Amino acid sequence: MPLSQSVRLVVFDCDGTLVDSQHNICAAMRSAFLGSGCDAPTDEAIRRIVGLSLGEAVASLAPNSSTPELETIMASYKENFMLLRKQPDYNEPLFPGIQETLRHLDGEGFLLAVATGKSQRGLRATLDRHGLKSYFVTLQTADDAPGKPHPGMLEQAMAEAGARPEQTVLIGDTVFDMAMAGNAGTTGIGVSWGYHGVDELTAAGAHEIVRECEQLVPAVRRLIGP
């Protein structure tokens with residue numbers, strides 16, 4: 001898509017930013033490790049790697065494991081998560097105010113996108129569950145580019161939307177998000193309700209921190225224009 005002076009692109013992380021999925025991620029990861037005969041990591045350790053691609057996440061949690069062992073854990077995680085998603089009590093709620101925020105940004109003419117360590121299948125299942133997919137002009141996942149903090153997902157989102165880095169803001173909850181924004185030359189907004197702390201997000205290069213979803217639209221306006 002040709003670059004335009006009028007394009008304003010807002011790219012969201014998914015887990016920890018749009019949806020509260022930590023209990024499912026932790027449960028699926030613990031089961032994957034135990035089912036593969038390995039000691040399960042703590043929930044805190046698992047939350048620390050949310051945002052990375054699955055391969056990088058598992059390798060970080062099991063640094064001494066062989067490649068076949070890592071592949072077994074990854075396959076088990078995917079299977080466990082699919083089983084969880086099929087349960088009648090499966091719950092992966094939107095954070096308060098997210099739906100309204102997307103509606104306001106879309107109504108003001110901002111283009112919206114997602115850049116996440118999830119797979120395309122996982123991301124689309126999440127967006128479909130909440131009826132959000134129509135808001136986004138491009139969906140970038142670990143299937144499509146190197147994982148965070150590599151800038152590939154953001155660069156592809158900008159290319160598809162026709163946006164320049166100075167016209168783009170990334171909203172996320174982890175240092176991986178803020179580092180990706182910096183690596184792509186874009187602006188990063190850190191949210192306080194996710195998996196990494198405010199001080200960490202600031203140290204990783206966040207241009208602004210928001211503590212309530214209602215603060216997102218004004219922050220985006222300030223950073224990439226009304």
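Quick caveat: nothing in here was measured; it's all calculated off a predicted structure.
Applying the side chain to side chain contact (heavy atoms under 4.5 Å, CB included) test between Val210 and each of Leu216, Val217, Val198 identifies Leu216 as the sole match. Exactly one of Val19, Thr101, Asp20 qualifies for a side chain to side chain contact (heavy atoms under 4.5 Å, CB included) with Leu94. That residue is Val19. For the side chain to side chain contact (heavy atoms under 4.5 Å, CB included) test with Ile189, the passing option among Leu170, Asp177, Val220, Leu201 is Val220; the others fail. Among Arg30, His23, Arg48, the one residue that satisfies the side-chain hydrogen bond (donor to acceptor under 3.5 Å, both in side chains) test with Asp43 is Arg30. Looking at Leu18, Thr141, Asp15 one by one, the single match for side chain to side chain contact (heavy atoms under 4.5 Å, CB included) with Leu123 turns out to be Thr141.
To the nearest 0.5 Å, atom CG of residue Asp13 and atom CE of residue Met178 are 8.0 Å apart. Rounding to the nearest 0.5 Å places CG of Leu111 at 8.5 Å from OG of Ser6.
Between Arg221 and Glu108, at least one side-chain N (NZ, or NE/NH1/NH2) sits under 4.0 Å from a carboxylate O, which counts as a salt bridge. A salt bridge between Asp143 and Arg121 is absent, with no side-chain N of the basic residue lying under 4.0 Å from a carboxylate O of the acidic one. Contact check on Glu166 versus Arg8 returns no salt bridge, with no Lys/Arg side-chain nitrogen under 4.0 Å from an Asp/Glu carboxylate oxygen.
Applying the ring-ring contact (aromatic ring centres under 6.0 Å, His included) test to Phe81 and every residue at least two apart in sequence or in another chain returns Tyr77. Looking at residues two or more places apart in sequence or on another chain, you find a side-chain contact (heavy atoms from CB on, under 4.5 Å) between Thr168 and Leu9, Val11, Leu154, Met158, Ala163, Thr186.
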Leu52 vs Ile49, side-chain contact (heavy atoms from CB on, under 4.5 Å): CA-CA, chis, key distance, verdict | CA-CA 6 Å; Leu52 296 174; Ile49 53 79; 4.1 Å; yes
Given side-chain contact (heavy atoms from CB on, under 4.5 Å), test Thr126 with Glu92 step by step and report yes or no.
-> CA-CA 8 Å; Thr126 294; Glu92 189 179 68; 2.9 Å; yes
Using the side-chain contact (heavy atoms from CB on, under 4.5 Å) rule, take Ser36 and Glu69 through it: C-alpha gap first, then chi angles, then the decisive distance, then the call.
-> CA-CA 8 Å; Ser36 303; Glu69 289 171 333; over 6 Å; no
How far apart are the C-alpha atoms of Arg103 and Gln99, what are their side-chain angles, what is the distance that settles it, and do they pass the side chain to side chain donor-acceptor pair (under 3.5 Å) test?
-> CA-CA 6 Å; Arg103 184 169 62 247; Gln99 185 112 31; over 6 Å; no
Full working for side chain to side chain donor-acceptor pair (under 3.5 Å) between Glu160 and Gln140 = CA-CA 10 Å; Glu160 291 188 17; Gln140 300 297 325; 3.2 Å; yes
Test Ile171 against Val10 for side-chain contact (heavy atoms from CB on, under 4.5 Å), laying out the working first.
-> CA-CA 7 Å; Ile171 299 172; Val10 183; 3.6 Å; yes
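Side-chain N/O atoms of Asp144 and Gln120 include a donor and acceptor closer than 3.5 Å. Between the side chains of Glu56 and Ser53, at least one donor N or O sits under 3.5 Å from an acceptor N or O.
Taking each heavy atom of Gly172 and Thr17 in turn, the nearest pair found is CA-OG1, 3.4 Å. Shortest non-hydrogen contact noted between Gly190 and Ala206 is N-CB, 4.1 Å. When all heavy atoms of Cys14 and Lys118 are compared, the closest pair comes out as SG-CD, 3.9 Å. Nearest approach of Ala59 to Leu70, heavy atoms of both residues: CA-CD2, 4.0 Å. The two residues Lys148 and Gly51 come nearest to each other via the heavy atoms CD-O, 3.5 Å. The minimum heavy-atom distance between Pro41 and Met29, with the atom names listed, is CG-CG, 4.5 Å.
Note on Phe136: it clusters hydrophobically with Phe110, by side-chain heavy-atom contacts below 4.5 Å among ILVMFWY residues. Hydrophobic cluster membership is shared by Val58 and Val50, with clusters built from Ile, Leu, Val, Met, Phe, Trp and Tyr side chains linked at under 4.5 angstrom. Linking Ile, Leu, Val, Met, Phe, Trp and Tyr whenever their side-chain heavy atoms come within less than 4.5 Å leaves Ile209 and Val169 in two separate clusters. Criterion: ILVMFWY side-chain heavy atoms under 4.5 Å apart, direct or through other members. Under it, Leu223 and Met180 are not part of a common hydrophobic cluster. Hydrophobic cluster membership is shared by Phe12 and Trp193, with clusters built from Ile, Leu, Val, Met, Phe, Trp and Tyr side chains linked at under 4.5 angstrom.
The shortest distance between side-chain heavy atoms of Tyr90 and Arg129 falls below 4.5 Å. Counting only heavy atoms from C-beta outward, the side chains of Phe33 and Leu61 approach each other to under 4.5 Å.
Enclosure of atom CG in Asn91 by more than 12 non-hydrogen atoms of other residues, nucleotides or ligands within 6.0 angstrom is indicated.
Residue pairs meeting the ring pair (Phe, Tyr, Trp, His ring centres under 6.0 Å) criterion with at least one partner in residues 155-179, sequence neighbours excluded, are Phe176-His196.
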